[in-house]
Amino acid sequence: MSLSAAEDDSASEIHLPADIDWEMLDKSKFFFLGAALFSGVSAALYPIVVLKTRQQVMLSEVPCLKMAASIFKHEGYRGFYRGFGTSLMGTIPARALYMGALEITKSNVGTATVQLGFSETAAATIANAAAGLSSAMAAQLVWTPVDVVSQRLMVQGGSCAVHTGNGSLALKSYNGGIDAFRKILYSDGVRGLYRGFGISILTYAPSNAVWWASYSIAHRVIWGFVGGYCCKKDEGRGYRPDGKAVVAIQGLSAAMASGVSAMVTMPLDTIKTRMQVLDGEENGRRPLTVVQTVRNLVKEGGFSACYRGLGPRWASMSMSATTMITTYEFLKRLSTKSQDNFA
């Protein structure tokens with residue numbers, strides 16, 4: 001079931017673009033074009049991710065604009081792309097796993113829920129929530145080690161002084177992604193590369209489930225309100241939406257879903273980032289646990305410290321989601337086996 005085909009039950013004369021199921025895709029084209037398109041998206045949004053990550057591990061809160069100016073002054077534009085090469089290398093296989101799990105789950109669960117007697121609206125919501133859950137879990141198998149390495153590279157730099165709760169310096173110096181990978185593997189083993197894996201699953205799996213379910217609902221609700229104003233008469237075939245309206249509503253739905261998801265999962269994301277970045281094993285101490293990380297955050301700035309970086313994360317999620325969903329639907333149409341199915 002495709003989100004682009006969602007329509008309000010009361011607007012039966014409005015015909016949105018047809019479903020593009022997993023079986024209808026040219027898989028090689030889908031994954032090849034997807035890697036290229038989403039690599040571009042990642043490059044465009046990476047500076048915001050760097051700002052978010054640095055804010056989450058700072059001892060005290062620093063405004064985004066001040067931090068951005070400091071990074072540019074001390075490190076130049078390269079400071080905004082620390083760890084990008086490592087991140088990009090992991091993005092390609094992680095995205096492939098994500099998209100494959102997303103489409104397979106969405107198609108199978110959507111078909112099963114309809115057969116069980118659920119309405120189309122309920123089936124779409126359930127299918128998208130299940131797809132978001134499974135795709136996030138699949139992607140984290142690849143993404144967690146990449147995240148650990150790239151985030152450590154992100155926070156390196158002259159303008160980023162990062163400390164643990166007791167004030168001791170907690171960062172190592174790395175000479176690129178390969179060096180970071182080797183040092184982490186040498187000091188902590190494979191477990192070090194998967195530090196925060198459990199909380200990553202707890203962060204991204206529910207976040208994706210909430211996002212895709214919220215997107216499905218928002219998409220239908222918005223079309224229910226404005227569908228009649230965004231369509232043109234197609235003789236003998238009812239009303240069809242204007243192409244620009246389809247993209248605009250997809251983007252608005254994605255931004256709304258991102259707001260819900262960011263608010264719900266922000267504390268978990270902050271805890272995850274600190275666990276992956278800060279080296280608790282220095283000075284004879286064990287790696288930081290979830291409880292210790294939470295205590296440090298509360299000690300530094302109360303519960304609100306868990307929401308440091310919310311602005312950049314919300315902005316990043318909204319822009320990423322808006323770009324992702326429009327790019328994703330465009331990608332699926334480019335990757336169909338036969339365009340005749342979507343006339």
request  = With rounding to the nearest 0.5 Å, note down the distance linking CZ in Arg95 to OG in Ser135.
outcome  = 10.0 Å
ask   = Are Val264 and Val294 co-members of a hydrophobic cluster defined by side-chain heavy atoms under 4.5 Å apart?
value = no
ask   = Measuring from Trp143:CH2 to Leu97:CG, what's the distance to the nearest 0.5 Å?
value = 12.5 Å
Candidates Met317, Arg54, Gln55 - the one meeting side chain to side chain contact (heavy atoms under 4.5 Å, CB included) with Pro312 = Gln55
query = Do Thr144 side-chain atoms and Leu141 backbone N/O form a donor-acceptor pair below 3.5 Å?
reply = no
inquiry  = Check the orientation of Phe84 and Tyr46. Use parallel for under 30°, tilted for 30 to 60°, and perpendicular for over 60°.
reply    = perpendicular
ask   = NZ of Lys106 to OG of Ser216: how many Å apart, nearest 0.5 Å?
value = 9.0 Å
request  = Apply the test side chain to side chain contact (heavy atoms under 4.5 Å, CB included) to residues Val50 and Arg82: give CA-CA distance (whole Å), side-chain angles for both, the deciding distance (0.1 Å), then the verdict.
outcome  = CA-CA 8 Å; Val50 171; Arg82 288 187 179 274; 5.6 Å; no
request  = Take Met275 and Gln292 through the side chain to side chain contact (heavy atoms under 4.5 Å, CB included) test and state the conclusion after the steps.
outcome  = CA-CA 10 Å; Met275 289 181 66; Gln292 289 171 329; over 6 Å; no
ask   = Side-chain heavy atoms under 4.5 angstrom apart, residues restricted to Ile, Leu, Val, Met, Phe, Trp, Tyr: same cluster for Met266 and Met263?
value = yes
key: Residue pair Ser261 / Ser207, side-chain donor-acceptor N/O under 3.5 Å   = yes
message = Closer than 3.5 angstrom, by distance alone: can the side chain of Thr265 be matched with the main-chain N or O of Leu268 as a donor-acceptor pair?
response = no
task = Rounded to the nearest 0.5 Å, what's the gap from CG on Asn296 to NZ on Lys299? Could you check?
result = 7.5 Å
ask   = Can you find a pair of side-chain heavy atoms, one from Tyr307 and one from Thr270, that are under 4.5 Å apart?
value = no
Non-hydrogen atoms of Ala213 and Thr125 that approach each other most closely = CB-CG2, 4.1 Å
ask   = What class does the angle between the rings of Tyr215 and His219 fall in, given that below 30° is parallel, 30 to 60° is tilted and above 60° is perpendicular?
value = parallel
query = Do other residues, nucleotides or ligands put more than 12 heavy atoms under 6.0 Å from the CG atom of Leu65?
reply = no
ask   = Between the side chain of Tyr81 and the main-chain N/O of Ala43, is any donor-acceptor distance below 3.5 Å?
value = yes
ask   = Would Val190 and Val148 show up in the same hydrophobic cluster when neighbours are defined by side-chain heavy atoms closer than 4.5 Å?
value = yes
request  = Search all heavy atoms of Ala101 against all heavy atoms of Ala138 and return the closest pair with its distance.
outcome  = CB-CB, 4.1 Å
In one Ile/Leu/Val/Met/Phe/Trp/Tyr side-chain cluster, 4.5 Å: Met89, Ile178 = no
inquiry  = Would you compute the distance between atom CG of Asp179 and atom CZ of Arg152 and round it to the nearest 0.5 angstrom?
reply    = 12.0 Å
task = Give the cluster check for Met137 versus Val146: same hydrophobic cluster or not, with ILVMFWY residues linked at side-chain heavy-atom distances below 4.5 Å.
result = no
note = Tightest non-hydrogen contact, residues Ala180 and Tyr174, listed as CA-CD2, 3.3 Å
message = A side-chain contact here means heavy atoms from C-beta on lying under 4.5 Å apart; do Gln151 and Arg274 qualify?
response = no
Which atom of Val149 lies closest to which atom of Gly177, heavy atoms considered = CG1-O, 3.8 Å
key: Residue Phe197 excluded, over 12 heavy atoms near CZ under 6.0 Å   = yes
key: N/O donor-acceptor pair under 3.5 Å between Thr113 side chain and Gly110 backbone   = yes
Leu133 and Asn208, any side-chain heavy atoms less than 4.5 Å apart = no
inquiry  = Donor-acceptor check, side chain of Thr273 to backbone of Asp269, threshold 3.5 angstrom: yes or no?
reply    = yes
request  = Quick one: closest heavy-atom pair of Ala123 and Val114, and the distance?
outcome  = CB-CG2, 3.7 Å
query = Does a donor on one side chain and an acceptor on the other come within less than 3.5 Å for Ser87 and Ser150?
reply = no
ask   = When rounded to the nearest 0.5 angstrom, what distance separates CG in Asn128 from CG in Leu102?
value = 7.5 Å
request  = Check whether any side-chain heavy atom of Pro47 lies under 4.5 Å from a side-chain heavy atom of Leu51, and answer yes or no.
outcome  = no
message = To check you understand the geometry: which heavy-atom pair defines the closest contact between Tyr204 and Gln140, and what is its length?
response = CD1-NE2, 3.1 Å
message = If you define the side chain from C-beta out and look only at heavy atoms, does anything of Val49 sit under 4.5 Å from Phe80?
response = no
